Amino acid sequence: QVQLVESGGGSVQTGGSLRLSCASSGDIPGVGCTGWFRQGPGKEREGVASIYRFTDSTIHADFAEGRFTISQDNAKNTVYLQMNSLRPEDTATYYCATGKGGVCLSQPLGQTTYNYWGQGTQVTVSS
């Protein structure tokens, strides 16, 4: 079992920045990858970025490329999502999740890759 707690959400203006944190505890050796997902009002959850625990290999969704950066500090069991140049369409609840196995590399932005999820942190971007 892995417990995940997101933090760092809040309200910012267009163009602002936030850094989200995902603190993990529990069966950390069983974690292969950590992903960030988001779900806006009335929208389906979508993958934002993912990082592989053992190599720091990352992938970012097209909408996040160049603006968002996922990183990790394995000594702290924490994964981050640095979000810059925020836009109103980035408004959503942001979740982190952990997964394991080959799907971490073959489907890093797929929801079914991940078996443990945090409760989410709200990000609101106003114009």
Side-chain angles (χ1 to χ4, degrees):
Q1 184 177 357
V2 177
Q3 297 81 43
L4 304 170
V5 179
E6 302 96 335
S7 62
S11 297
V12 298
Q13 296 181 5
T14 297
S17 297
L18 287 171
R19 189 179 75 157
L20 307 184
S21 297
C22 175
S24 304
S25 61
D27 185 21
I28 304 303
V31 175
C33 53
T34 301
W36 283 99
F37 293 77
R38 70 183 188 183
Q39 187 168 22
K43 300 177 66 176
E44 295 185 353
R45 184 178 291 175
E46 62 182 345
V48 177
S50 180
I51 188 164
Y52 190 60
R53 184 162 70 91
F54 305 107
T55 65
D56 288 339
S57 177
T58 64
I59 186 171
H60 297 78
D62 288 344
F63 66 80
E65 192 71 48
R67 297 191 299 126
F68 298 179
T69 303
I70 190 171
S71 62
Q72 65 190 353
D73 185 340
N74 287 335
K76 298 180 179 179
N77 294 327
T78 301
V79 174
Y80 305 95
L81 184 68
Q82 178 67 46
M83 304 190 296
N84 299 324
S85 301
L86 284 163
R87 306 162 179 166
E89 54 263 42
D90 296 319
T91 295
T93 301
Y94 284 72
Y95 302 87
C96 66
T98 59
K100 64 181 179 181
V103 291
C104 277
L105 297 175
S106 62
Q107 300 289 336
L109 296 180
Q111 295 184 50
T112 58
T113 294
Y114 300 90
N115 51 355
Y116 295 106
W117 294 78
Q119 292 183 321
T121 185
Q122 179 65 38
V123 171
T124 302
V125 185
S126 61
S127 60

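Just so you know, these numbers come straight off a predicted model, no measurement behind them.
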Give, for atom CG of L20 and atom CD1 of I70, the distance between the pair rounded to the nearest 0.5 Å.
10.5 Å
Donor-acceptor pair, T98 side chain versus V31 backbone, under 3.5 Å?
no
How close do S106 and V103 get, counting heavy atoms only, and between which atoms?
OG-CA, 3.3 Å
What are the two closest non-hydrogen atoms of A92 and G40, and how far apart are they?
CB-N, 3.6 Å
Verdict with reasoning, E89 to V125, per side-chain contact (heavy atoms from CB on, under 4.5 Å)
CA-CA 8 Å; E89 54 263 42; V125 185; over 6 Å; no
A64 and V48: which non-hydrogen atoms are nearest, and at how many Å?
CB-O, 3.9 Å
Using the ring of each side chain (for Trp, its six-membered ring), is Y114 parallel, tilted or perpendicular to F37, with breaks at 30° and 60°?
perpendicular
Please name the pair of heavy atoms, one in V123 and one in G9, separated by the smallest distance, quoted to 0.1 Å.
CG2-CA, 4.2 Å
Within 45° of the ring axis of F63 and under 6.0 Å from its six-membered ring centre, is that where the NZ or CZ of R38 lies?
yes
Nearest heavy-atom pair of C96 and E6: which atoms, and what distance?
N-OE2, 2.9 Å
Minimum heavy-atom distance between V12 and L86, given as atom pair plus value:
CG2-CD1, 3.6 Å
Can you name the residues that form a side chain to side chain donor-acceptor pair (under 3.5 Å) with Q111, not counting sequence neighbours?
none
Give a yes-or-no answer on whether the side chains of Q13 and S126 include a donor-acceptor pair shorter than 3.5 Å.
no
Quiz item: cation-pi between R19 and Y80, 6.0 Å / 45°:
yes
Do T113 and Q107 make a side-chain contact, defined as non-hydrogen atoms from C-beta onward lying under 4.5 Å apart?
yes
